[in-house]
Amino acid sequence: MRYDLIIFDNDGVLVDSEPISNTVLAGYLSELGYPTSYEDSLRDYMGGAVHRIHDVVLERTGRRLPDDFDKTLHARIFAAFEQELKPVAGAEELLGKLVADGVSYCLASSGSHERIRVGHLVTGLDEWFEDSWIFSSQDVGRGKPAPDLFLHAAERMGVPADRCVVVEDSQLGVEAARAAGMDVYGFTAMTPADRLAGATGLFSELGELRRLLA
């Protein structure tokens with residue numbers, strides 16, 4: 001393979017969580033008096049850490065979200081995950097092929113470690129990841145689109161940034177990978193291709209990825 005390490009985003013790439021979490025988020029923000037549609041949530045927050053929600057709301061309205069916003073949001077999302085969350089089609093097959101081929105991979109997500117863990121336990125993807133292969137925006141000072149998270153993952157995995165490739169489905173993630181000096185392939189299953197225009201390449205099904213990276 002052309003790369004020494006594949007760095008996967010999690011939400012929307014490995015677990016089909018974006019429709020669930022953005023539906024919950026849009027509903028909760030609207031409930032709090034910040035009218036937000038599902039499409040608004042995807043546009044403004046998909047791929048970002050939870051602090052981005054606070055930053056955007058404060059910038060636009062001059063008001064701060066409640067102190068218990070994060071706790072309530074996560075509780076609602078986790079409850080929905082338990083009922084609805086599934087792995088992205090082809091995720092288990094792809095990870096199985098990478099293991100069989102001896103390809104190194106890890107995960108770097110804007111979500112919290114708890115969110116990642118819950119999602120993987122519900123979907124069964126936990127068997128494909130050792131704890132030391134999982135990195136969260138909680139581990140660094142700045143989340144995507146800053147490069148910090150991807151650079152942190154590469155350093156911890158012992159691979160130079162220019163030998164890493166990122167798999168992302170959000171504009172923020174593509175920007176972060178580019179800022180880290182890494183190639184990045186954009187997953188267009190949910191995100192319009194024009195929003196991932198900065199990616200090295202695009203694909204619409206996980207089954208296509210192994211060929212693209214060969």
Side-chain angles (χ1 to χ4, degrees), residues 8-89 91 107-123 125 134-146 148-150 166-177 186-196:
F8 287 102
D9 176 44
N10 188 53
D11 294 294
V13 172
L14 296 177
V15 296
D16 195 15
S17 54
E18 294 292 7
I20 299 170
S21 58
N22 282 282
T23 297
V24 171
L25 174 58
Y28 186 29
L29 286 174
S30 297
E31 178 185 317
L32 291 172
Y34 307 97
T36 305
S37 68
Y38 173 72
E39 291 74 19
D40 293 337
S41 185
L42 289 177
R43 182 194 66 229
D44 295 337
Y45 306 118
M46 181 174 167
V50 70
H51 69 76
R52 177 177 174 82
I53 305 170
H54 292 264
D55 294 343
V56 170
V57 169
L58 179 60
E59 179 182 345
R60 291 180 176 175
T61 70
R63 297 163 56 194
R64 295 187 182 277
L65 293 169
D67 291 341
D68 63 350
F69 177 84
D70 294 8
K71 181 179 180 180
T72 301
L73 176 65
H74 288 143
R76 293 184 181 190
I77 288 175
F78 294 165
F81 279 2
E82 292 287 350
Q83 298 298 318
E84 306 173 46
L85 189 62
K86 297 179 180 179
V88 170
L107 182 153
S109 172
S110 292
S112 66
H113 279 287
E114 182 182 15
R115 175 176 172 141
I116 298 167
R117 183 168 59 251
V118 168
H120 283 196
L121 286 171
V122 170
T123 59
L125 292 184
I134 295 176
F135 306 98
S136 161
S137 61
Q138 289 179 309
D139 302 330
V140 295
R142 301 179 299 168
K144 305 169 189 177
D148 304 35
L149 178 56
F150 291 138
V166 174
V167 182
E168 265 287 353
D169 71 330
S170 74
Q171 180 181 9
L172 295 176
V174 169
E175 291 175 12
F187 188 27
T188 62
M190 270 194 62
T191 308
D194 60 351
R195 297 200 66 195
L196 303 175

Q.
Taking H113's backbone N and O only, do any of them form a donor-acceptor pair with Q138's side chain (distance below 3.5 Å, no angle check)?
A. yes
Q: Can you sort out the partners of Y45 under ring pair (Phe, Tyr, Trp, His ring centres under 6.0 Å), two or more places apart, ordered by chain and number?
A: none
Q. Between CG of D16 and CE of M190, what distance do you get to the nearest 0.5 Å?
A. 7.5 Å
Q | Residue pairs passing the salt bridge (charged side-chain N to carboxylate O under 4.0 Å, His left out) test where at least one lies in residues 38-59, sequence neighbours excluded | A | D40-R43, D44-R60
(Q) Parallel, tilted or perpendicular, judged at 30° and 60°: which one describes the rings of F78 and F81? (A) tilted
(Q) Taking salt bridge (Lys or Arg N to Asp or Glu O under 4.0 Å) as the definition, give me every residue that meets it alongside D169, ordered by chain and number, with sequence neighbours left out. (A) none
Q) What residues form a side-chain contact (heavy atoms from CB on, under 4.5 Å) with S137, not counting sequence neighbours? A) A49
Q. Passes side chain to side chain contact (heavy atoms under 4.5 Å, CB included), M46 versus L172? Steps please.
A. CA-CA 8 Å; M46 181 174 167; L172 295 176; over 6 Å; no
Q: Please list, chain by chain and in numerical order, all residues satisfying side-chain contact (heavy atoms from CB on, under 4.5 Å) with E168, sequence neighbours excluded.
A: D9, K144, F150, V166, S170, V174, V184
**Q.** With F135 via ring pair (Phe, Tyr, Trp, His ring centres under 6.0 Å) - residues at least two apart
**A.** H152
Q) CD1/I116 to CG/L125 distance, rounded to the nearest 0.5 angstrom? A) 12.0 Å
Q) What residues form a ring pair (Phe, Tyr, Trp, His ring centres under 6.0 Å) with H51, not counting sequence neighbours? A) none
Q: Not counting sequence neighbours, list each pair that qualifies as a ring-ring contact (aromatic ring centres under 6.0 Å, His included) and has a residue in residues 53-72.
A: Y28-F69, H54-F69
(Q) With heavy-atom distances below 4.5 Å as the criterion, would you say the side chains of V88 and L14 are in contact? (A) no
Q: Please step through side chain to side chain contact (heavy atoms under 4.5 Å, CB included) for the pair L73 and I53, ending with a clear verdict.
A: CA-CA 11 Å; L73 176 65; I53 305 170; 4.1 Å; yes
Q: Go through the structure and list residues passing side-chain contact (heavy atoms from CB on, under 4.5 Å) with L58, not counting sequence neighbours.
A: R64
Q | Heavy-atom closest contact (A146 atom, A176 atom, distance) | A | O-CB, 3.3 Å
Q. Quick one: does T36's side chain have a donor or acceptor within less than 3.5 Å of a partner on S30's backbone?
A. no
Q) Which residue pairs pass the salt bridge (charged side-chain N to carboxylate O under 4.0 Å, His left out) test when at least one of the two sits in residues 72-86, sequence neighbours left out? A) E31-R76
**Q.** Polar side-chain atom of S136 near backbone of G111 as donor-acceptor pair, under 3.5 Å
**A.** yes
**Q.** G119 versus V15, closest heavy-atom pair with distance
**A.** O-CG1, 4.2 Å
**Q.** Neighbour count above 12 (heavy atom, 6.0 Å) for D194 CG
**A.** yes
Q. Of all residues at least two apart in sequence or in a different chain, which pass the side-chain contact (heavy atoms from CB on, under 4.5 Å) check with A89?
A. none
**Q.** Closest approach of G12 to S17 (non-hydrogen atoms, all atoms of both residues)
**A.** N-OG, 3.8 Å
Q: Under the side chain to side chain contact (heavy atoms under 4.5 Å, CB included) rule, what do H74 and V118 come out as? Steps first, then yes or no, please.
A: CA-CA 11 Å; H74 288 143; V118 168; over 6 Å; no
**Q.** Interatomic spacing from CG in L65 to CG in L29 - rounded to 0.5 Å
**A.** 6.5 Å
Q | Point-to-point distance, once rounded to the nearest 0.5 Å, from CG of L149 to CG of D139 | A | 7.0 Å
Q.
Could you check whether any side-chain heavy atom of E18 comes within less than 4.5 Å of a side-chain heavy atom of T191, counting everything from C-beta outward?
A. no
Q) Restricting to pairs with a member in residues 109-118, which pass salt bridge (charged side-chain N to carboxylate O under 4.0 Å, His left out), not counting sequence neighbours? A) D11-R115
